[in-house]
Amino acid sequence: MINFKELAKEYKTPLYVYDLDYMTSQYNELKGAFKGKKSLLAYAVKANSNLSIVKHFADLGAGADCVSIGEVRRAFLAGIPSYKIIFSGVGKSDDEIREAIEKDILYINVESEAELRRVELIAKELGTTCRISIRVNPNIDPKTHPYISTGLHDNKFGVDLNSAKRMYIFANNSENLEPVGIHFHIGSQLTELTPIREAAEIVADLIRSLSTIKIELKFFDIGGGLGVKYDNETTILPYDYAQAIFSTLTALDITIVCEPGRFLTANAGYFLTKVLYEKQNGNKKFVVVDGAMNDLLRPALYKAYHKIEAITDSTSQMRKVDIVGPVCESGDFFAKDYMLPELAHNDLLVIHSAGAYGFGMGSNYNTRGRSAEIAIKDGQDKLIRRRETFEDLVALELEFLQN
Ligand SMILES: *Cc1c(COP(=O)(O)O)cnc(C)c1O
């Protein structure tokens, strides 16, 4: 059991706490599910990009799925070898593409015909060949929140099957491109297996059809997206997931690349915030806390549910409250109509499932410094990012201040 009260006392609030041992067990469970086939788990760095977290996965043998050159640089800093790094995303700048090619990463996931031509041109300028994979949009409804759905033609991601085939032929004929993989990622927080299996079948069929024209791919990149329990969702078991993927790959000798983010980190993370005070507006009861949407945006952005646990001596009855932060936005809440007992100044709230898309989506809105982050491993806690100070926040502006 993590002693949240002690941690809050030592490191102050608001505070992110990550359980690295939980991350390890999630990693091992998923990696184990793919045993019997060649596989690479490329951690989706955007889920939680703290260098110590990325390094933790590097030490476990993971690769990295990156969506900006900044994330690629993080992956390198954290010790992930170049041959395990993938660069994805719909809009890569020339500078980003150039650096990715120079760093000789595993492959670039290309998301449009125009991008394929840019990659070719830049590889040519550099006098080299770039390994690429093409992100296919299989037009499958993943049945998740529309903001995190990515596998429909309505979404900006990937290319349709016909374009993909054209692009493979183009790449195969180019001296500066080497097509090595195929990629799909239909959405995040997926809780149903059927859409994933359908997408995998479509993409596996394309691999077979490319093989008949002598384009042999080495990597079947199934993206990330495995859902986790925030509340009482039923989730996909890693074993069933892997078996569903295997079932689409009969007679194909290919390395499976999986890009989990949320699955590895979400439920390893907790966000700690203290009660400032309670207030009542008419019939509505509010608990005002010291954390805010600039620390944990998911409730404001997606109306996401997070379980909230109160650490208090209160023995009062439970009542319905809105838990809100100090930021000047009505969207600044962690929960609405949530059942909690009466709370006192400095009581602690533990917001669960905050390890993915938590700190990383944070901002300095309202000139609030971002929280500290700590990691727990083998029962030992350790600071992995210090709290931002006011000086940190103004540093990039101060030198331009005119008298
Ligand atoms: C965001 C993203 C992931 C990770 O998604 P999770 O739902 O966190 O597993 C994997 N691959 C790509 C291309 C992504 O954009």
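As the structure is a computational prediction, the values presented were derived from the model and not from experiment. As the structure lists them, so they are numbered: ligands from 1, and atoms in each ligand from 1.
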>> Would R262 count as a polar contact of ligand 1, with the cut-off being nitrogen or oxygen pairs under 3.5 Å?
In response: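 Min N/O separation from ligand 1 is below 3.5 Å for R262.
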> For G261, is at least one N or O under 3.5 Å away from an N or O on ligand 1?
Replying inline: yes
Subset of ligand 1 atoms that lie under 4.0 Å from at least one heavy atom of [X]:
| X | result |
| --- | --- |
| Y357 | 1 (C), 4 (C), 5 (O), 6 (P), 8 (O) |
| E259 | 3 (C), 4 (C), 9 (O), 10 (C), 11 (N), 12 (C), 13 (C) |
| G224 | 9 (O), 10 (C), 11 (N) |
| D65 | 10 (C), 11 (N), 12 (C), 13 (C) |

Check [Y] with [X], please: is the shortest side-chain N to carboxylate O separation under 4.0 Å?
| X | Y | result |
| --- | --- | --- |
| E115 | K92 | yes |
| E178 | K218 | yes |
| R370 | D392 | no |

> Parallel, tilted or perpendicular: which describes the rings of Y241 and F34, with under 30° parallel and over 60° perpendicular?
Replying inline: perpendicular
> Would you call the rings of F334 and F271 parallel, tilted or perpendicular if under 30° counts as parallel and over 60° as perpendicular?
Replying inline: tilted
Could you work out, for [atom], the closest of [options] by heavy-atom distance?
| atom | options | value |
| --- | --- | --- |
| atom 3 (C) of ligand 1 | H183, K46, E111, R135 | K46 |
| atom 4 (C) of ligand 1 | P260, A42, A44, G227 | A44 |
| atom 7 (O) of ligand 1 | G158, G89, S188 | S188 |

> Around K55, counting heavy atoms of other residues, nucleotides and ligands shown, do more than 12 lie under 6.0 Å from its NZ?
Replying inline: no
>> Tell me if the centroids of the rings in H306 and Y230 come within less than 6.0 Å of each other.
In response: yes
>> Yes or no: does G225 have any heavy atom under 4.0 Å from an atom of ligand 1?
In response: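 Heavy atoms of G225 do come under 4.0 Å of ligand 1.
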